[in-house]
Amino acid sequence: RKLIELPPNDRHPYDPLFLAASLNLLASIERESAQLALAKPLHAEAIQLLKALSEKPPDGMNPNDVTHFMALCRFENCLTRRDAREPTAEVEKTAGLVITQWERFVQGFPKTYMYRESLGRAYRFRAELRMREKRWDESATDLAKAKEIFEEAATLFPQVVRFGGEMGRTQIALGEVAALRGDELRAAEWYREAKRTLERAVLQSPDSADDAVALKRLHQLLQILGKP
């Protein structure tokens with residue numbers, strides 16, 4: 001915070017953006033610790049910083065970086081708002097705006113993998129929101145889109161091993177939609193496919209807590225179906 005209080009000539013033009021990114025990370029940590037009341041003001045401060053940058057970007061700053069981090073902060077805020085049980089329609093609306101932005105970035109910058117990763121996660125998140133309201137068809141459509149994005153990204157960027165974990169979590173969600181629709185056979189197929197995907201992901205990235213948690217949850221879902 002002290003850095004951005006310095007005169008513009010005495011600091012890096014990206015310092016305010018770095019602060020916003022740090023606040024966004026802190027907010028996500030507070031959310032994962034179930035401290036939603038602490039997460040919300042951090043989200044708000046990060047978004048306010050980025051709004052100011054978007055209105056008057058300093059010399060030496062790429063406006064696309066501001067736009068991307070704004071989308072990222074709004075997406076993480078969506079996760080917090082979901083956990084806070086805010087109205088689904090309002091959270092979904094923001095998620096849709098974020099998806100639109102990242103769609104444009106993927107089209108305009110096809111060689112930048114982080115845009116594809118963010119877009120796939122946003123589609124999966126919106127699918128999960130729609131699952132809460134039993135909108136199975138819309139949810140399945142979003143998940144199919146997320147799956148397509150992660151498959152293409154894994155092919156284009158084989159060095160980015162975490163796409164395997166993202167794919168596995170998407171396959172789990174597809175299995176959940178099938179199970180909720182009453183198609184246990186298709187659900188089991190998706191879960192088994194997810195199991196293979198996540199096991200490979202864990203081998204490639206053994207320190208990934210997200211992949212390990214997803215694999216553990218997957219075993220539970222298979223047991224519920226009676227197909228361990």
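This chain uses plain numbering: 1 for the first residue, then up along the sequence. Fair warning: this is a prediction, and the values are worked out from it, not measured in the lab.
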Could you grab the distance from atom [atom1] of [X] to atom [atom2] of [Y], nearest 0.5 Å is fine?
{"X": "L129", "Y": "R81", "atom1": "CG", "atom2": "CZ", "result": "10.0 Å"}
{"X": "K93", "Y": "T88", "atom1": "NZ", "atom2": "OG1", "result": "15.0 Å"}
{"X": "C73", "Y": "E45", "atom1": "SG", "atom2": "CD", "result": "11.0 Å"}
{"X": "E76", "Y": "I29", "atom1": "CD", "atom2": "CD1", "result": "10.5 Å"}
{"X": "I149", "Y": "L119", "atom1": "CD1", "atom2": "CG", "result": "3.5 Å"}
{"X": "K40", "Y": "L38", "atom1": "NZ", "atom2": "CG", "result": "11.0 Å"}

Measure across [X] and [Y] and return the closest heavy-atom pair with its distance rounded to 0.1 Å.
{"X": "F150", "Y": "R121", "result": "CZ-N, 3.5 Å"}
{"X": "A179", "Y": "Y191", "result": "CB-OH, 4.2 Å"}
{"X": "G165", "Y": "D211", "result": "CA-OD1, 3.3 Å"}
{"X": "A146", "Y": "Y123", "result": "CB-CB, 4.0 Å"}
{"X": "T80", "Y": "A39", "result": "CG2-CB, 4.1 Å"}
{"X": "D142", "Y": "R130", "result": "OD2-NH1, 3.0 Å"}

So do the side chains of [X] and [Y] get within less than 4.5 Å of each other, counting heavy atoms only?
{"X": "M70", "Y": "T67", "result": "no"}
{"X": "H68", "Y": "Q101", "result": "no"}
{"X": "E128", "Y": "E176", "result": "no"}
{"X": "L49", "Y": "L23", "result": "yes"}
{"X": "R116", "Y": "F105", "result": "no"}
{"X": "S28", "Y": "L79", "result": "no"}
{"X": "R124", "Y": "E166", "result": "yes"}
{"X": "F109", "Y": "N64", "result": "yes"}

Check [Y] with [X], please: is the shortest side-chain N to carboxylate O separation under 4.0 Å?
{"X": "R186", "Y": "E189", "value": "yes"}
{"X": "K147", "Y": "E151", "value": "yes"}
{"X": "R162", "Y": "E117", "value": "yes"}
{"X": "R135", "Y": "E92", "value": "yes"}

Stepwise side-chain contact (heavy atoms from CB on, under 4.5 Å) check, E30 with L42: CA-CA 9 Å; E30 296 292 3; L42 293 169; 4.0 Å; yes
Given 3.5 Å as the limit, does a donor-acceptor pair link the side chain of [X] with the main chain of [Y], or not?
{"X": "T141", "Y": "D137", "answer": "yes"}
{"X": "S139", "Y": "A127", "answer": "yes"}
{"X": "S54", "Y": "K51", "answer": "yes"}

Applying a strict under-4.5 Å side-chain criterion to I, L, V, M, F, W and Y, I'd like to know whether [X] and [Y] cluster together.
{"X": "Y14", "Y": "L72", "value": "yes"}
{"X": "V160", "Y": "M167", "value": "yes"}
{"X": "Y115", "Y": "L97", "value": "no"}
{"X": "V177", "Y": "W190", "value": "yes"}
{"X": "W102", "Y": "I47", "value": "yes"}

Derivation of the side-chain contact (heavy atoms from CB on, under 4.5 Å) call for C78 and F125: CA-CA 9 Å; C78 280; F125 171 74; 3.7 Å; yes
R74 and T94 side chains, donor-acceptor separation under 3.5 Å: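 No pair is found: no donor N or O on one side chain lies under 3.5 Å from an acceptor on the other.
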Aromatic ring pairing F157/F163, orientation class (parallel under 30°, perpendicular over 60°, tilted between):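 F157 and F163: tilted rings.
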Trace of the side-chain contact (heavy atoms from CB on, under 4.5 Å) decision for L180 with K134: CA-CA 8 Å; L180 290 166; K134 301 181 180 180; over 6 Å; no
